[in-house]
Engineer: 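This is the structure, below, for whatever I ask next.
Since the model is a prediction, treat every value here as computed from it, not as a measurement. Numbered from 1 within each chain, the chains take letters A, B, ... in sequence-line order.
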Number of protein chains: 2
Amino acid sequence: MNTLSYGLLSLLSHHSLSGYDLMLRIQPFWPAKHSQIYPLLAFMEKEEQVTFELIAQSDKPDKKVYSITDKGIDSLREWLSVPASDPVMRDELMLKAYCVSFVDPAISRKLFVSRLEHYQTKLQRYREKIRTVLSSEGLTESDTPGYRSPLFGAYILLNKALLTCRTNIEWCEWVLSVIPEAE
Amino acid sequence: MNTLSYGLLSLLSHHSLSGYDLMLRIQPFWPAKHSQIYPLLAFMEKEEQVTFELIAQSDKPDKKVYSITDKGIDSLREWLSVPASDPVMRDELMLKAYCVSFVDPAISRKLFVSRLEHYQTKLQRYREKIRTVLSSEGLTESDTPGYRSPLFGAYILLNKALLTCRTNIEWCEWVLSVIPEAE
DNA sequence: TCATTATATGTAAAAAGAGACATAATATCA
DNA sequence: TGATATTATGTCTCTTTTTACATATAATGA
């Protein structure tokens with residue numbers, strides 16, 4: 001039971017999901033490929049943290065829908081009571097930023113322009129997401145779901161994503177303002 | 001030549017550094033243990049991206065001080081001209097945040113209080129760092145180093161670190177304001 | 001028709017990263 | 001005196017993560 005497996009339990013604590021859906025949903029918080037997810041789910045099933053049901057589909061391939069067990073909920077509660085380990089961030093742009101002076105400003109600008117676009121696209125997606133999440137429970141954008149609401153977790157995470165995205169955009173724009181257009 | 005090796009080249013483009021110093025300095029941008037750095041430096045030396053000089057020290061153990069070669073500078077320039085890959089962030093707190101409703105608010109609060117303290121400590125360190133970096137070239141906090149200044153990279157990175165830290169603090173404080181003190 | 005994309009699951013191998021083991025000098029603290 | 005911390009380099013093993021291989025249905029587009 002490593003961090004990723006607790007992440008899967010966390011997602012399963014809200015809804016039952018297939019391995020494929022778990023893989024898609026965990027991306028924003030703990031990127032992982034399906035090749036890592038599937039064997040881990042098999043292990044967690046053996047450990048009785050999750051169970052699965054085979055769902056036959058006519059239009060799409062059949063799937064295994066996983067659910068968290070009572071034992072899984074207990075594991076989740078125990079995990080929540082110990083402090084979270086420090087976040088790990090690896091960003092190639094930070095490594096490049098340190099030595100941008102070695103190339104022409106036009107080349108440097110490209111790095112930050114493409115990253116800026118990346119964050120602008122993400123911001124749009126998060127904005128739409130927060131609207132759909134809130135409206136799914138009949139809430140508007142001025143409402144905050146209560147602590148015991150099933151939306152609470154998703155809501156605070158989406159707010160974090162929005163704040164982070166805006167800060168990154170602000171930083172990219174500032175960097176572009178201090179890199180000359182040409183020399 | 002993976003991303004970490006370009007990160008080492010990036011650091012070496014400013015100063016010659018020992019493997020130990022490289023390990024310490026790369027932490028904020030691309031965390032890596034010495035067990036990963038030392039074999040990589042040996043490989044990069046074989047590839048003629050770096051050279052080293054054995055420096056005997058009387059008070060401390062002897063060290064190998066690495067310098068970037070002309071070939072290394074060429075690699076750096078080529079690497080800078082391709083877009084940076086997407087950042088990867090793995091934060092256990094994000095996984096926990098999704099299911100905080102499963103435990104008492106007091107337990108949840110602890111998670112965000114300890115993370116808040118973590119970012120406050122970091123903010124202090126970055127504030128001191130930016131002062132020492134700027135004053136090393138006789139600049140004050142209102143000055144911005146020019147694009148060709150050797151401080152430019154460090155300066156934009158420290159600004160990013162400050163912005164990010166402040167945003168994270170803001171988010172933690174907001175989360176604590178929406179988690180009830182008790183139920 | 002062929003290529004690609006999305007859905008869906010799996011394995012195998014390679015690369016990256018973490019943790020432990022190993023050595024050694026000096027310094028500090030109990 | 002013994003324990004720990006800092007500086008310094010290195011290896012070995014284990015875990016984690018990525019990439020590639022593999023299969024299958026259905027839809028979409030060139």
Engineer: Taking atom C1' of D:dT18 as reference, at what distance in whole Å does atom NZ of A:K33 sit?
Structural biologist: 7 Å
Engineer: Between atom CG in A:L4 and atom P in C:dG17, what is the gap in whole Å?
Structural biologist: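 It is 17 Å, rounded to the nearest whole Å.
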Engineer: Quick one: are B:I179 and B:V100 in side-chain contact, heavy atoms under 4.5 Å?
Structural biologist: no
Engineer: Could you tell me whether the phosphate oxygens of C:dG17, OP1 or OP2, come under 4.0 Å of any side-chain nitrogen or oxygen in B:Q36?
Structural biologist: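 So the side chain of B:Q36 is within the cut-off, an N or O lying under 4.0 Å from OP1 or OP2 of C:dG17.
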Engineer: Would you say A:F52 and A:S67 make side-chain contact, with heavy atoms under 4.5 Å?
Structural biologist: no
Engineer: Using OP1 and OP2 only, check whether a side-chain N or O of A:W30 sits under 4.0 Å from D:dT16.
Structural biologist: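 It does not, given that no N or O in the side chain of A:W30 lies less than 4.0 Å from OP1 or OP2 of D:dT16.
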Engineer: Between atom CD1 in A:I37 and atom C1' in C:dT11, what is the gap in whole Å?
Structural biologist: 16 Å
Engineer: I'd like to check B:L95 versus A:W79 (side-chain heavy atoms, cut-off strictly below 4.5 Å). Are they in contact?
Structural biologist: yes
Engineer: Please list, by residue number, the residues of residues 55-67 of chain A whose heavy atoms come closer than 4.0 Å to an atom of DNA chain D; answer none if no residue qualifies.
Structural biologist: A:S58, A:D59, A:P61
Engineer: Please state how far atom CG in A:L54 lies from atom P in C:dT9, giving the value in whole angstrom units.
Structural biologist: 9 Å
Engineer: In terms of heavy-atom contacts, does CG of A:D70 have more than 12 from other residues, nucleotides or ligands at under 6.0 Å?
Structural biologist: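 Count not over threshold, so no.
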Engineer: Tell me which residues in residues 7-27 of chain A put a heavy atom below 4.0 Å from DNA chain D, sorted by number, or none.
Structural biologist: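 Heavy-atom cutoff 4.0 Å gives no residues at all.
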Engineer: Any non-hydrogen side-chain atom of A:M1 less than 4.5 Å from a side-chain atom of A:M44?
Structural biologist: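 Counting from C-beta outward, A:M1 and A:M44 do come under 4.5 Å.
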Engineer: Using modelled atom types only, decide if a donor and an acceptor are shared between the side chain of A:R90 and the backbone of B:P87 within a distance under 3.5 Å.
Structural biologist: no
Engineer: Side-chain heavy atoms under 4.5 Å apart, restricted to Ile/Leu/Val/Met/Phe/Trp/Tyr: what other residues fall into the cluster of A:V65, or is it alone?
Structural biologist: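 Members other than A:V65 - counting any ILVMFWY side chain reachable under 4.5 Å - are A:I55.
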Engineer: Between B:Y38 and D:dT9, does any side-chain N or O lie under 4.0 Å from OP1 or OP2?
Structural biologist: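 Yes, because at least one side-chain N or O of B:Y38 sits under 4.0 Å from OP1 or OP2 of D:dT9.
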Engineer: May I ask you to test the B:E45-B:T51 pair for a side-chain heavy-atom distance under 4.5 Å?
Structural biologist: no
Engineer: Would you say a side-chain N or O of A:R90 is under 4.0 Å from OP1 or OP2 of C:dG17?
Structural biologist: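 Result: yes.
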Engineer: Where each residue is assigned the nucleotide of DNA chain D containing its nearest heavy atom, which of B:S35 and A:A32 is assigned the position nearer the 5′ end?
Structural biologist: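 Here B:S35 is the residue nearer the 5' end.
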Engineer: Are the side chains of A:L123 and A:R166 in touch, meaning some heavy atoms are under 4.5 Å apart?
Structural biologist: yes
Engineer: When the distance from CZ of B:F43 to C1' of C:dA15 is rounded to whole Å, what number comes out?
Structural biologist: 12 Å
